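Encoded as structure tokens, the structure appears first; notes follow it.
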Amino acid sequence: MILGIGTDLANIDRVAATLDRFGDRFRNRVFTEVERAKAERRADVAGTYAKRWAAKEACSKALGTGLRMGIAWRDMAVDNLETGQPVMRVTGWAAERLARMTPPGHDAIIHVTLTDDHPWAQAFVVIEARPLG
């Protein structure tokens, strides 16, 4: 069963300008240590940050809140499996919201997909509830 769906489109050039203007203040406010390390290793640093920004926006929409109601940027984090597949991990208020959305006897799975075609980065998030067992 689908619990939520969200999408977002981010402008890579705008994210690059924000990184230039605010630097670590922006990085540390929005992105986890894992996300920052991943982005800084990439050839397209701004594109990597833009995709993760879009994923956080999409996740907040899938949670049904947008970026309000106590949700924080770093409560949602994009990581990658060894295969490279992106995964969304939630903590704090985002995890609490997800738990409240998930019906009893179900486990919630957050699916995320990312893409970019300069100057755009896009993310889709689908939250699925699967029966336990």
Side-chain angles (χ1 to χ4, degrees):
M1 134 186 17
I2 302 299
L3 299 179
I5 185 168
T7 185
D8 194 66
L9 188 65
N11 185 290
I12 296 168
D13 294 333
R14 182 172 170 232
V15 170
T18 302
L19 288 165
D20 289 343
R21 182 171 179 199
F22 297 104
D24 285 342
R25 202 167 96 209
F26 171 67
R27 284 180 186 89
N28 295 334
R29 189 180 121 239
V30 175
F31 302 99
T32 66
E33 185 177 329
V34 170
E35 290 174 309
R36 292 189 309 266
K38 178 85 167 182
E40 297 299 327
R41 285 194 311 266
R42 293 279 179 88
D44 183 10
V45 172
T48 301
Y49 279 121
K51 285 186 279 189
R52 279 150 176 73
W53 172 280
K56 291 167 186 277
E57 287 274 7
C59 185
S60 71
K61 292 170 186 175
L63 288 168
T65 64
L67 286 162
R68 58 182 174 86
M69 296 176 60
I71 202 164
W73 287 106
R74 289 182 295 155
D75 284 348
M76 302 165 289
V78 177
D79 198 357
N80 295 86
L81 301 178
E82 287 190 23
T83 61
Q85 176 184 348
V87 293
M88 179 67 67
R89 307 207 190 275
V90 292
T91 58
W93 196 91
E96 293 171 19
R97 170 70 179 160
L98 181 61
R100 284 194 306 274
M101 291 173 61
T102 307
H106 289 75
D107 194 22
I109 296 107
I110 302 175
H111 303 277
V112 60
T113 186
L114 309 172
T115 192
D116 64 285
D117 186 6
H118 198 91
W120 301 107
Q122 186 173 35
F124 286 96
V125 170
V126 175
I127 302 175
E128 173 190 11
R130 288 188 188 160
L132 295 172

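A quick note: this is a predicted structure, and the numbers were derived from the prediction, not measured. Keep in mind that the numbers below use all heavy atoms, side chains included, and drop hydrogens, waters and symmetry copies.
When all heavy atoms of Val112 and Pro86 are compared, the closest pair comes out as CG1-O, 3.4 Å. Across all non-hydrogen atoms, the minimal contact from Met88 to Ala55 is CE-O, 3.5 Å. Heavy atoms only, all atoms of each residue included: Ala50 and Ala10 are closest at O-CB, 3.7 Å. Closest approach of Leu63 and Met101 over heavy atoms only: O-SD, 3.5 Å. A pairwise comparison of heavy atoms in Ala39 and Val45 identifies O-CG2, 3.4 Å as the closest pair.
Partners of Asp107 under the side-chain hydrogen bond (donor to acceptor under 3.5 Å, both in side chains) rule, at least two apart in sequence or in another chain, do not exist in this structure. Remark: Asp13 pairs with no residue by the salt bridge (charged side-chain N to carboxylate O under 4.0 Å, His left out) rule, at least two apart or across chains. By the ring pair (Phe, Tyr, Trp, His ring centres under 6.0 Å) test, Phe26 pairs with Phe31, Trp53, sequence neighbours left out. By the side-chain hydrogen bond (donor to acceptor under 3.5 Å, both in side chains) test, Thr102 is found to be paired with no residue, residues two or more places apart in sequence or in another chain being considered. Partners of Pro103 by side chain to side chain contact (heavy atoms under 4.5 Å, CB included), not counting sequence neighbours, listed by chain and number: Met1, Leu3, His106, Ala129. Remark: Lys61 engages Asp8, Glu57 in a side chain to side chain contact (heavy atoms under 4.5 Å, CB included) (not counting sequence neighbours). Among residues two or more places apart in sequence or in another chain, the side chain to side chain contact (heavy atoms under 4.5 Å, CB included) test is passed with Ala62 by Val125, Ile127. In this structure Arg130 satisfies the side chain to side chain contact (heavy atoms under 4.5 Å, CB included) test together with Ile109, His111, Glu128, sequence neighbours excluded. Shown here are the salt bridge (charged side-chain N to carboxylate O under 4.0 Å, His left out) partners of Arg89, two or more places apart in sequence or in another chain: Asp79. For Glu96, the salt bridge (charged side-chain N to carboxylate O under 4.0 Å, His left out) test picks out no residue, with sequence neighbours left out.
The same ILVMFWY cluster, assembled from side-chain heavy atoms under 4.5 Å apart, contains both Val30 and Leu19.
Each of Leu9, Thr113, Asp116 was evaluated against Gln122; a single residue qualifies, Leu9, per the side-chain contact (heavy atoms from CB on, under 4.5 Å) test.
Residues near Phe124 contribute nothing to a hydrophobic cluster around it, because no ILVMFWY side-chain heavy atom sits closer than 4.5 Å to its side chain. Under the 4.5 angstrom side-chain criterion for Ile, Leu, Val, Met, Phe, Trp and Tyr, Val34 has no cluster partners at all.
Under a 3.5 Å cut-off, the side chain of Asp117 and the backbone N or O of Trp120 do not form any donor-acceptor pair. In this structure, Arg42 contributes its side chain and Tyr49 its backbone to no donor-acceptor pair below 3.5 Å. In this structure, Lys51 contributes its side chain and Ala121 its backbone to no donor-acceptor pair below 3.5 Å.
Side-chain contact between Val87 and Val78 is absent, with no heavy atoms from C-beta onward closer than 4.5 Å. Side-chain contact check for Glu35 versus Lys38: every heavy-atom pair is 4.5 Å or farther apart. The closest side-chain heavy-atom distance from Asp75 to Lys56 is not below 4.5 Å.
Note on Arg27 versus Glu40: salt bridge recorded, some NZ/NE/NH1/NH2 to OD/OE distance being below 4.0 Å.
Separating the CG atom in Asn28 from the CZ atom in Phe22 is a distance of 14.0 Å, to the nearest 0.5 Å.
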